[in-house]
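Each chain gets a letter, A, B and so on, in the order its sequence line appears, and its residues count up from 1. The basis for the numbers below is simple: all heavy atoms, side chains too, and nothing from hydrogens, waters or symmetry mates.
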2 protein chains.
Amino acid sequence: MLPPLRRARILELLRKDQVATLKDMSIALSVSMSTLRRDVDYLCESGQLERTHGGAMLNQERRNAVELEPAIATELESGAKRAIGYRAAKLILPGQTVIFDSGSTTAAVARAAQERRVPFTAVTNDLSIAGTLSATPIIRVLVVGGFVRTGTATLLGPGLISAVGRLRADLVFLGTHALTADELSDTSVELADLKRAFVQAGEQAIAVVDSSKVFSRAFCSFARTRDLDRVITDDRIAPDDLDALRSRVAVDLVPEAE
Amino acid sequence: MLPPLRRARILELLRKDQVATLKDMSIALSVSMSTLRRDVDYLCESGQLERTHGGAMLNQERRNAVELEPAIATELESGAKRAIGYRAAKLILPGQTVIFDSGSTTAAVARAAQERRVPFTAVTNDLSIAGTLSATPIIRVLVVGGFVRTGTATLLGPGLISAVGRLRADLVFLGTHALTADELSDTSVELADLKRAFVQAGEQAIAVVDSSKVFSRAFCSFARTRDLDRVITDDRIAPDDLDALRSRVAVDLVPEAE
DNA sequence: TTTTTCTTCCAAAAGATTTCAAAATGCTCC
DNA sequence: GGAGCATTTTGAAATCTTTTGGAAGAAAAA
């Protein structure tokens, strides 16, 4: 495994559990203690985490950060996302109209959908999803116009919500920055408004969320879990959280297996 | 395999996984480690990717950007297109609004514009151009919505022309499928309608055309050369054709040199 | 004390450089 | 067109560098 990837994995582990022992991490990544120690020292030097005896914890600032560090966030799509995408894509029936919200998890759904070779019409505000889906001629792709949100490949803008308001779709795949038992939330008002419009436009709303986002809360709420038709997430969600969620909405648990 | 193609394939591999080992890539492309190493070094020099021990990862900027095929385009793009793009991009003044028509030559303009680090607002119906331009935060990118035209990354659709009709821009960069002394033409009615709307919307219309398209004629005419403000093309255009063109419109001849 | 973790050092392994010869390509001249 | 020569590109070997994993002793926690 390449050093930068390994270091990204370390941060990923820490983000999940806040703290971890060096021994656990060396086992999880199957590298020697020496190597892991060197990596942790390096990340500590560069200010990404703090050391403790026998382990490490996330840097204070980094812990509360709403936006993930882009360098790490994009680091190698996790198996979880791929599995979620695969499961979600199965819900698409030939001829349907499907809205793809922006985001990396919905992008995974798009990738899986594109591989299924089922004809359908897609609607999206995500350039990267549009690119993925348009690789297959049998999928019609409608891109709703708008300004590109820097950093992501997301389109946003004034006319967008009214444009979406005129649409009717069979399915909506929603990504979210955070999910609690009660609600889905995201980081910006604009984004939340659009997602709300997406939910309105679709017959069925399906949230696709990897478990790292479960039970965190972001700035703007945009939907109640009760109003969703389904949540698809991976099996690393905590059992308590799962129960709380299941009392509100149908949950599909996808094993992360490769 | 030709070197530029090989390099394009390397970028393609990286786009899929973000990081890759040199060994894996040399196997995937079935070239020797030496050659692969040289290619990766070259791509690193030209700022397209970052090296790590034993492997490579995508450039930070490139990682978040939408990647349809621009990576390949960059590698395979003819010197002529690159030169035309470079010259055309110089026309953009800070703060202007610029329409980018779809196409590979206008994509070259976008690439050059993105590298200039001048702030401006771009309007385009080309996903690939949107992806290129949005890599730089100082460029505002408006994507006009529509259906993706399969095969290309072009957006087309009913609402599009009226949406463009409401826009005012300082500059329009037009691509064209064919150019004669009198007119510019393209292959589909829809595309021609949109291009006509682009010309209307812009203060100045500039056609960017590589010389292989000069003096051929396509199905649908969409503009007269007299109505253009400028044509930028490369110096492989035949002298007679150049004269005929120059009697109608200002022509910038760009040497193809590297 | 006993156990665990941390440092330091070393050797093996993997990767990077350098160098070189063969192959491919381009060019001139016939 | 093709022969001959120069240039570039490629793959492989030798050598050097970095990284890795382990071991021994020091330091810290239990």
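- The span of DNA chain D lying next to chain B, judged by atoms under 4.0 Å from heavy atoms, is bounded 5' to 3' by D/dT10 to D/dT19.
- Contact annotation for B/T52: backbone-only contact, meaning every heavy-atom pair under 4.0 Å involves sugar-phosphate atoms and none involves a base.
- Here B/T21 lies out of heavy-atom contact (under 4.0 Å) with every strand.
- Looking at B/F100 and B/L133, their side chains come closer than 4.5 Å, going by heavy atoms from C-beta outward.
- Side-chain atoms of B/T124 never come within 3.5 Å of backbone atoms of B/I129 as a donor-acceptor pair (strictly under, hydrogens ignored).
- To the nearest 0.5 Å, the span separating OG1 on B/T105 from CZ on B/F173 amounts to 12.5 Å.
- With a 6.0 Å radius and a threshold of 12 heavy atoms from other residues, nucleotides or ligands, B/Y86 has its OH atom at or below the threshold.
- When atom types are taken as modelled, the side chain of B/S185 and the backbone of B/A218 share a donor-acceptor pair closer than 3.5 angstrom.
- The closest side-chain donor-acceptor pair between B/S212 and B/D210 falls under 3.5 angstrom.
- When atom types are taken as modelled, the side chain of A/S26 and the backbone of A/L36 share no donor-acceptor pair closer than 3.5 angstrom.
- Nucleotides of DNA chain D nearest to B/H53 and B/R6 differ in position, and the one nearer the 5' end is that of B/R6.
- Nearest-nucleotide positions on DNA chain C place B/R37 closer to the 5' end than the other of B/R37 and B/L2.
- One axis for each end of the helix from C/dT1-D/dA30 to C/dC30-D/dG1, each built from five base pairs, and the angle between them comes to 40° at 10° resolution.
- Looking at B/Q114 and B/T132, their side chains never bring a donor and an acceptor atom within 3.5 Å of each other.
- The span of DNA chain C lying next to chain B, judged by atoms under 4.0 Å from heavy atoms, is bounded 5' to 3' by C/dG15 to C/dT17.
- For the 3.5 Å distance criterion, the side chains of B/S211 and B/D234 qualify, holding a donor opposite an acceptor.
- No side-chain donor-acceptor contact under 3.5 Å links B/T176 and B/K213.
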